[in-house]
Amino acid sequence: MKKKIIVTGGTGYIGSHTAVELIEEGFDIILIDNLYNSEAVVAERIGKITGTKPPLEVFDICDKLKLNRFFKKNKDIAAIMHFAAYKAVGESVNKPIEYYRNNLVSLINLLEAMNQYNIPSMVFSSSCTVYGQPEKLPVKEDSPVQPAISPYGNTKQIGEEIIRDATSVIQNIKAISLRYFNPIGAHPSAIIGELPRGVPENLVPYITQTGYGIRDELKVFGNDYNTPDGTCIRDFLHVVDLAKAHVIAARRLVENKNRKNYEVFNLGTGKGVSVLEAIQSFERVSGIKIKYTIKGRRPGDIEKIWADPSYANRELGWKTMSSLDEAMKTAWEWEKYIRKKNLSE
């Protein structure tokens with residue numbers, strides 16, 4: 001019998017790519033999404049890629065009543081993949097209460113439901129922001145967790161603490177937190193990808209929108225950091241590589257290969273890339289010169305961070321496969337697809 005997995009935030013950027021990989025690996029999935037930052041049509045696109053359109057339940061998992069109705073109706077769930085969260089660092093600085101309410105209430109509701117309805121496993125979408133500005137690079141799983149620089153980062157720190165405490169006393173629940181660094185790119189089909197509403201908060205969508213002419217210019221926040229070119233450094237990994245790690249984590253849990261009730265893994269390439277280097281990568285793969293201006297530093301931004309992924313490489317048998325240029329090329333193909341589609345509709 002197929003293992004049934006619930007994917008919250010399933011029509012979002014990372015959720016949709018993970019849904020594709022789960023279906024292709026033989027899992028039976030159900031998507032949950034309130035469509036706050038995504039579109040229902042993504043479920044159809046997942047079906048187009050995989051040949052199996054997953055069912056989509058549209059509601060907010062912060063609504064405990066609706067969540068309970070869902071779990072009363074859907075039995076024999078092997079795991080929950082929890083992606084449903086607000087995720088923009090800059091926005092979280094301006095909307096802290098909304099971020100705390102959404103990101104923490106949704107997680108608490110899910111954990112309570114897992115205990116009530118005997119759902120044994122969760123893969124939690126965490127983030128390298130839990131490390132704050134690390135004192136030593138690259139970052140390992142046992143690196144000190146620094147004070148969060150943004151409310152978003154703090155919700156991930158608190159979320160991990162909630163899961164750790166819950167799994168320590170509720171023995172029938174086990175979980176894996178995947179601390180990923182900076183996902184970019186899109187599925188090679190170019191029919192699913194990152195599509196933020198309004199002005200993008202993340203770098204790569206802003207780059208591709210500028211390349212397409214949606215934005216007049218790219219704003220680079222700060223060129224006076226202690227980095228080789230003065231701009232922030234991040235560890236960019238292809239979203240499909242990231243999605244594959246979630247499938248491995250799910251199998252680890254449902255097949256009882258986990259070593260303890262709660263585990264944490266870093267997911268990254270192990271290489272730092274500056275904002276200017278990311279721009280240069282896009283220019284290489286697209287042949288388009290990006291116009292950008294230097295602005296002041298943005299509140300909540302970390303100066304530099306990249307992963308030591310060796311533990312995930314060794315323990316999960318996972319590693320990134322795509323280069324920065326390959327990931328950037330898929331991001332550009334996705335941008336062109338969605339703009340042309342919008343024009344034809």
Side-chain angles (χ1 to χ4, degrees), residues 13-14 16-17 37 87-91 128 180-242 268-307 320-345:
Y13 177 40
I14 301 168
S16 62
H17 287 81
N37 196 31
K87 64 182 183 65
V89 170
E91 182 183 60
C128 66
Y180 25 95
F181 282 65
N182 292 78
I184 62 169
H187 192 269
S189 67
I191 65 171
I192 59 171
E194 186 173 11
L195 186 63
R197 289 181 173 168
V199 179
E201 290 276 348
N202 294 336
L203 176 64
V204 173
Y206 213 119
I207 290 175
T208 59
Q209 287 188 17
T210 305
Y212 200 83
I214 305 298
R215 308 290 164 194
D216 293 332
E217 62 181 14
L218 173 70
K219 297 179 178 67
V220 175
F221 295 103
N223 68 343
D224 57 350
Y225 288 102
N226 182 27
T227 61
D229 64 21
T231 63
C232 291
I233 290 177
R234 297 289 181 267
D235 186 339
F236 295 105
L237 73 158
H238 197 299
V239 67
V240 174
D241 287 336
L242 179 64
T269 66
K271 181 183 178 184
V273 173
S274 75
V275 172
L276 295 185
E277 287 173 331
I279 294 170
Q280 291 159 10
S281 172
F282 174 79
E283 291 176 339
R284 279 194 301 272
V285 302
S286 68
I288 296 171
K289 193 75 175 171
I290 290 292
K291 181 182 178 183
Y292 66 87
T293 57
I294 305 296
K295 301 291 184 180
R297 295 186 183 191
R298 182 172 58 178
D301 277 345
I302 292 168
E303 180 174 87
K304 50 189 172 184
I305 189 167
W306 60 91
T320 56
M321 303 300 291
S322 298
S323 68
L324 175 65
D325 282 6
E326 287 168 340
M328 197 68 77
K329 187 174 190 303
T330 61
W332 179 229
E333 293 303 317
W334 158 249
E335 185 71 52
K336 291 187 289 184
Y337 166 81
I338 198 65
R339 297 306 163 192
K340 289 174 183 174
K341 189 166 185 64
N342 286 347
L343 287 173
S344 65
E345 290 176 346

Legend entry - Flag side-chain contact, heavy atom, 4.5 Å: Thr227 against Ser274: no

Legend entry - Closest contact, heavy atoms only, Trp306 versus Gly270: CD1-O, 3.6 Å

Legend entry - Separation between CD1 of Ile192 and CD1 of Ile338, rounded to the nearest 0.5 Å: 11.5 Å

Legend entry - Test item: Phe181 and Thr269 side chains (from C-beta on) under 4.5 Å apart, heavy atoms: no

Inset, instruction - Would you give the length of the straight line joining atom CG of Asp301 to atom CZ of Phe221, rounded to the nearest 0.5 angstrom? - result: 8.0 Å

Legend entry - Side chain Lys291, main chain Asp216, donor-acceptor under 3.5 Å: no

Legend entry - Backbone N/O of His187 and side chain of His17: donor-acceptor pair under 3.5 Å: yes

Legend entry - Any donor-acceptor N/O pair, Tyr13 side chain to Ile184 backbone, under 3.5 Å: yes

Inset, instruction - Please examine the side chains of Asn182 and Leu203, heavy atoms only from C-beta on, and report whether any two atoms are closer than 4.5 Å. - result: no

Legend entry - Side-chain (Glu194) to main-chain (Pro205) donor-acceptor, under 3.5 angstrom: no

Inset, instruction - Kindly say whether Val89 contributes a backbone atom to a donor-acceptor pair with the side chain of Arg298 at under 3.5 angstrom? - result: no

Inset, instruction - Output, in order, the C-alpha distance, side-chain angles, deciding distance and verdict of side chain to side chain contact (heavy atoms under 4.5 Å, CB included) for Lys87 and Asn202. - result: CA-CA 10 Å; Lys87 64 182 183 65; Asn202 294 336; 3.3 Å; yes

Inset, instruction - First locate atom OG of Ser323, then atom NZ of Lys329, and finally report the distance between them rounded to the nearest 0.5 Å. - result: 11.0 Å

Legend entry - Sidechain-backbone polar pair: Thr210 side chain, Tyr206 backbone, donor-acceptor under 3.5 Å: yes

Legend entry - Positive for side-chain hydrogen bond (donor to acceptor under 3.5 Å, both in side chains) with Thr208, one of Glu333, Arg215, Glu335: Glu335

Inset, instruction - Would you give the length of the straight line joining atom NZ of Lys304 to atom SG of Cys232, rounded to the nearest 0.5 angstrom? - result: 10.5 Å

Inset, instruction - With rounding to the nearest 0.5 Å, note down the distance linking CD in Gln209 to CG in Leu195. - result: 7.5 Å

Legend entry - Summary of salt bridge (Lys or Arg N to Asp or Glu O under 4.0 Å) pairs that have at least one residue in residues 228-237, sequence neighbours excluded: none

